[in-house]
Structure formats: structure tokens, C-alpha cells
Amino acid sequence: MNNALPFHDLSPDTASLVNVRFDGTEYALPEGANLAAALLAAGVTVFRTTPTSQAPRAPYCMMGACYDCLVKIDGTTRQACMTEVRKGLIVERAHTAGGVDENG
Amino acid sequence: MKTADLIVIGAGPAGMAAASTAADAGLSVLLLDEQPRAGGQIYRDVKRAATVRGHILGQDFTEGLPLVEGIEKQGITQVFGATVWSIDATGKVACSVNGQGIVARGLRVLLATGALERPMPIPGWTLPGVMTAGAAQILLKQSGLVPKRAVLAGSGPLLYLIAAQMVRAGVPPLALVETQVRGDFIAALRHSVGALRGWRYLLKGLKMLRETERAGVLRYRGATGIAVEGERQAKALTFTASGQSHRIACDTVLLHHGVVPNTQAARSLGVDHVWSDRQACFVPRPDQWGGTGHDRILIAGDGAGIGGARVAEIAGRLAALRVATDLGRMTGPERDAQAAPLFRQRNRELAVRPFLDTAYPPYTGALSPDDGTIVCRCEEVTAGDIRRFARLGCKGPNQAKAFGRAGMGPCQGRYCGLAVSSLLAQENDATHDGTGYFRVRPPLKPVTLGELAATEDQTGRAG
Ligand SMILES: Cc1cc2nc3c(=O)[nH]c(=O)nc-3n(C[C@H](O)[C@@H](O)[C@H](O)COP(=O)(O)OP(=O)(O)OC[C@H]3O[C@@H](n4cnc5c(N)ncnc54)[C@H](O)[C@@H]3O)c2cc1C
Ligand code: FES
């Protein structure tokens, strides 16, 4: 168990790792995994900051309801907990409220 | 535009059972769910997870397998990754699939969108590292992840379940901090019929508790003053129990004090909701088949009032029988013959609810949070702000939006609606029904302009 990481992975998937960039750092994450889960497992703690007070936020509900896992993928605000890991994803922290997307 | 006899929104136990029963009666079914695979919250990803983690998740989880297998049949078109954001009373449903807007029309639409965990506003609940207990369960079911240094706080059987599952996974929580008191249990015993019927649930709960205690997990009851400590990340949970203050250092805090119906879809259609004192939430009042007052719209499962997975499954079947009769695929007597045992079974299952609801009431500290506590996570509006709005003349949640943006963020009030209604009711000395709830309008989930435009096109062409 790597004690530096907050989650224990019961069935680590090492077969299908792909590169994903999150806020400039490269991570090797299992292809097809839930993006929010994979980032949490990799030790990411802050997914976005709030528009009102820049407070840090991270996944709260994991079921697509709270929007605290918002990230930017290819310029569009997405819920990390509703996204699957794909090769070459470029993910950034969201600093917006993420309503109807301005780039949509 | 896609068409179907029945569009089912949500592939949890209610939606899966409805789809399967409807297809058996010869109806064409379009089953939509925003998750990548069938199962809903209780049976999340059961097909994959049952084989690798069935022993940890338990029999109540693997019981979902036949339901998932039951939707693999002729007549059912399944679309996953489909986020429904608009439903109208004529049966038109708009959703986004992979960033594409899609419109479908059903002769009938069944809302089976399930429940949410009751919001638990306590100091520090917005910090990274704080999640719902259900979120931890989803991480375990779907991804095989267990937090290493976690404290569980709140009340209810689901808290025991996640604790026991973590123990079985070899990563027990540091502590179980419960908010209910002995008096709650004694009061619950008054629902003696339910308590007897609920014996099975009680024994199950006790077994899970024993499993947890045997693993050395500390347990506290009657906790008050619960708060999460930390600057940019949860560092500890603090609380008072039996007159002593406690501080438990941890990385993860898992909160839970019950589940409440996810009313967004039904409310967007103007379906009436009333306050339930016993469940401490708003519930719609469907008829015995799930009829809503809109001829083409039905509702089943925990979204229609919390009854649990078995009740959800039964309600799904009953709604499908009703639709099959409405659409002339089944006679009234045939429907009634199939429905009779289902009604009996549902009554038996529901008998335990008053007992459970009374034994595990919501945490009062989160029903009436301190002024400084954030209530609306999205817009960072505090309980004190809402009280101030009330003093300035704010009577209801829709006005609160104008006073200070409460409920106007991307979650659209899902995690503050109940708290805002309750705080305004308390402060104005009004009833919940009189205070009301946020008006919910489509889009139910944020959509991109591209998705909107695509659906307008389809409606223009075909609808
Ligand atoms: C996080 C969580 C975990 C739970 N875990 C358990 C458990 O382990 N054991 C237990 O007994 N009970 C559990 N429950 C209680 C739960 O409510 C069950 O009783 C059961 O899952 C209810 O079944 P259902 O079919 O009504 O809804 P659900 O199972 O909740 O299914 C609803 C489905 O609708 C989909 N949906 C919702 N909105 C939309 C939309 N706009 N567009 C498309 N799809 C949508 C969701 O993705 C979901 O798959 C849990 C509840 C929650 C919230
Ligand atoms: S964690 Fe709540 S929406 Fe993703």
C-alpha cells in the first residue's frame, strides 16, 4: 500500500494505462476508468476552485449531481465523475461555475 | 427522431424492471441512463463488479444481476451515457449522448431517476476530502477504491453498509460517528408492526455493526456539533459525544443521513410535491400505478418517495403493466392478476419504513446549521444568509435566488433545495408546503449550445 495516496486500489489495472495530463502534470491512468476516480486514486485533491471565493473543491457525490468535480476538457466544462479516461486527454482545473458552456 | 411506446429514464431497479416488464408485454422500450452501464445507485456497475468484488459488496448487491440481465431482450433499446435534460408532458424527451443532442418521443414516459443523499451542511463539508458515503460506495463498486483514513458520520443503515464493506475490503474506517440517540430507537419500536416486519433489516444492520466493531472501528452515538477541520483539504472530524469533545484526524470524511427523492425531473413537469414529515423531504403523490396527473408521464422508484430497491423494482413493474393496458397490449383483468401479488409485496416491504425513518432521523445539526455554514455549495450561500433573506421578507426559495443566488449554480439546487426551504420555513414560522421549493425548469443539466441547437433541428424536422 502506498501510504502517501489517500485511496487503496483493490484491483490495480496496470495493463491499459494511458497518458492523461491534468493541470500540466502527466498521469498514467487506466483507459476506460472513471476520470474522477482515477484522478483521486492518483493523488489529485483539488479539481476546481469556486467562482465566488476560489475555494478548492473535489468530487462530493460521484453521481453527476453536485458539480464539484467540474474540469475543463478541450475547453469545455465537464463533470469528471461522468467522464471516462481516454488516451491523451488534456484536463484542466475548472475555475468557472460551468453553467451552459460558453464554448459549446 | 427516435420513437418508442415507452421511454424509461433511469436504469436503476425501477427503470430496469419497468423496461423488462413492458418488453414482455410487447411494448417497444427506449431505456436512457446517463451512466455508462446499467444498475442505478444500488446496483452500480453490478455486471462488472459482482465478479471481482461480489464478496465485499455482499448479496444485496449481487441480487441486481438478474435485473441487468433482464433488460437484454428484444424490444428494449438501451442508450447509456444519455443525460436527459428536458421532458415535456407530450412525451418528448431531449438528451445528450457524447456531446450530441438527441430527441425522442414516447407514447408514455417513466421517470425512474432515483434518489440523492440528503444534503448534510456542516462546517467544512465543502472541503476536498469530504464526500457522501454513497460516493465512497460508488468508488468501491465501480472503481475498487477505498479511502485509507476515513471517518463516517451521520445516521442510517447505509452508513453501516459502507462501514462493513470497507472492513471486508481490508481497509476499515477509523471511526463511525452516529448522530441518532437511544431515544430514536425506542420511539421507532412504537411502529411495532414495521419493527417486526423489519426484523430482517434489523438483524442485517446488527450483523454489519458487529462486523465493523470486531474490526476495531471506534463507534460514537448521539454526536453533536460535527464539523470538518481543514484549510484546503479535510484534516480531521470534530464533534461532541457523551459530553466529551473529540477530534479524529483523517484524510476523508464520509457524510450520510439518509436519502431523499431526486425530484428534478418530476418538478420540471410541474408534478405536485408535498412535504412528508416522516421522511423530512418533499415527495410527489403518484397513484398506485405511478400515474402523475399527466396522462403520458409516470414515476417509479425512490424518486417517488423512498422505499428502497425492492419497492423500486415493484413500482417499475406496476407502471409498466399500467402502460401496457393503456396502450391496449393487455386487458384490465390481465393487468390486475399480475399486479395483485406485486401490491401485496410492496405493502410488506413498505411496512418497515416508518420504523427505519424513526430509528435513523436526519442529523438535527444539519437541518438547522449554524449561521456560518455554507448551505448552497455552488454559490457559497450560508445558513445565516438565508436567515437574513427571511428577515428581509423572503418567503420562498425562488425569491431566495433573487436575494442571493442560492440554488442558481450548476447543481440547480439539488444539494441545497431542502435546506433552503427548511431554513426559510423555520425563520418565517411557516410550513414547508407554504414555503415551497425551487421552480425547476429545463435544461435539467447544463447543456452546450451545440447540443441545444441540434435538438431544435430535430424537433423542427420531425416533431
Ligand atoms: C449514492 C447512493 C448510493 C446508494 N447505495 C445503496 C445501497 O448500496 N443499498 C441500498 O439498499 N440502497 C442504496 N441507495 C438507495 C437507492 O435509492 C436505492 O434504493 C435504489 O438504487 C433506488 O432505485 P431507483 O431505480 O429508484 O433509482 P436509482 O438506482 O438511483 O437509479 C436512477 C438512475 O437514473 C439515472 N438518472 C438520473 N437522472 C438522470 C437524467 N437526468 N438523465 C439520465 N439518467 C438519469 C441515474 O444515472 C441512475 O442510474 C443509494 C442511494 C444513493 C443516492
Ligand atoms: S462528483 Fe458530484 S457531479 Fe461529479
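The figures here come from the full heavy-atom set of this structure, side chains too, leaving out hydrogens, waters and symmetry mates. Every chain is numbered from 1, with letters handed out A, B, ... down the list of sequences.
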So which part of [X] gets closer than 4.5 Å to some heavy atom of chain A, the side chain, the backbone, both or neither?
{"X": "B:Leu145", "answer": "both"}
{"X": "B:Arg414", "answer": "side chain"}
{"X": "B:Arg405", "answer": "neither"}
{"X": "B:Gln41", "answer": "side chain"}
{"X": "B:Val52", "answer": "neither"}

Quiz item: Which one, A:Ala65, A:Cys66, A:Ala58, leads in non-hydrogen pairs under 4.5 Å with chain B?
Solution: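 Most pairs with chain B among the choices: A:Ala65.
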
Quiz item: Counting N and O atoms only, with roles assigned by atom type, does the side chain of B:Gln412 sit under 3.5 Å from a partner on the main chain of B:Pro443, one being a donor and the other an acceptor?
Solution: yes

Quiz item: Per the side chain to side chain donor-acceptor pair (under 3.5 Å) rule, which among A:Thr49, A:Asp68, A:Thr50 passes with A:Arg57?
Solution: A:Asp68

[X] versus chain B, heavy atoms under 4.5 Å apart: side chain, backbone, both or neither?
{"X": "A:Met82", "answer": "side chain"}
{"X": "A:Pro59", "answer": "backbone"}
{"X": "A:Ala37", "answer": "both"}

Self-check item: Test item: side-chain donor near acceptor, B:Glu451 and B:Gln100, under 3.5 Å
Solution: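 There is no such pair between these side chains.
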
Exercise. Can you label the angle between the A:Phe22 ring and the A:Phe47 ring as parallel, tilted or perpendicular, going by 30° and 60°?
Key: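 Rings of A:Phe22 and A:Phe47: tilted, 30 to 60°.
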
Quiz item: B:Phe61 vs B:Tyr43 aromatic rings, parallel, tilted or perpendicular, using cut-offs 30° and 60°?
Solution: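 If you compare the ring of B:Phe61 with that of B:Tyr43, the planes turn out tilted.
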
Exercise. Count the heavy-atom pairs under 4.5 Å between each of B:Leu254, B:Thr132, B:Thr252 and chain A, then report the option with the highest count.
Key: B:Thr132

Practice problem: Tell me, out of B:Arg53, B:Glu117, B:Lys445, B:Arg149, who's got the most heavy-atom pairs with chain A below 4.5 Å. | Solution: B:Lys445

Quiz item: What heavy-atom pair brings B:Trp85 and B:Ser96 nearest, and what distance separates the two atoms?
Solution: NE1-OG, 3.0 Å

Quiz item: Of the non-hydrogen atoms in B:Pro261 and B:Gly303, which two are nearest, and what is the gap between them?
Solution: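 Between these two residues, the closest heavy atoms are CB-O, 3.5 Å.
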
Exercise. Tell me whether the guanidinium CZ or amine NZ of B:Arg377 lies under 6.0 angstrom from the six-membered ring centre of A:Tyr60 and within 45° of its axis.
Key: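 Because its charged atom sits under 6.0 Å from the ring centre and within 45° of the axis, B:Arg377 does stack over A:Tyr60.
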
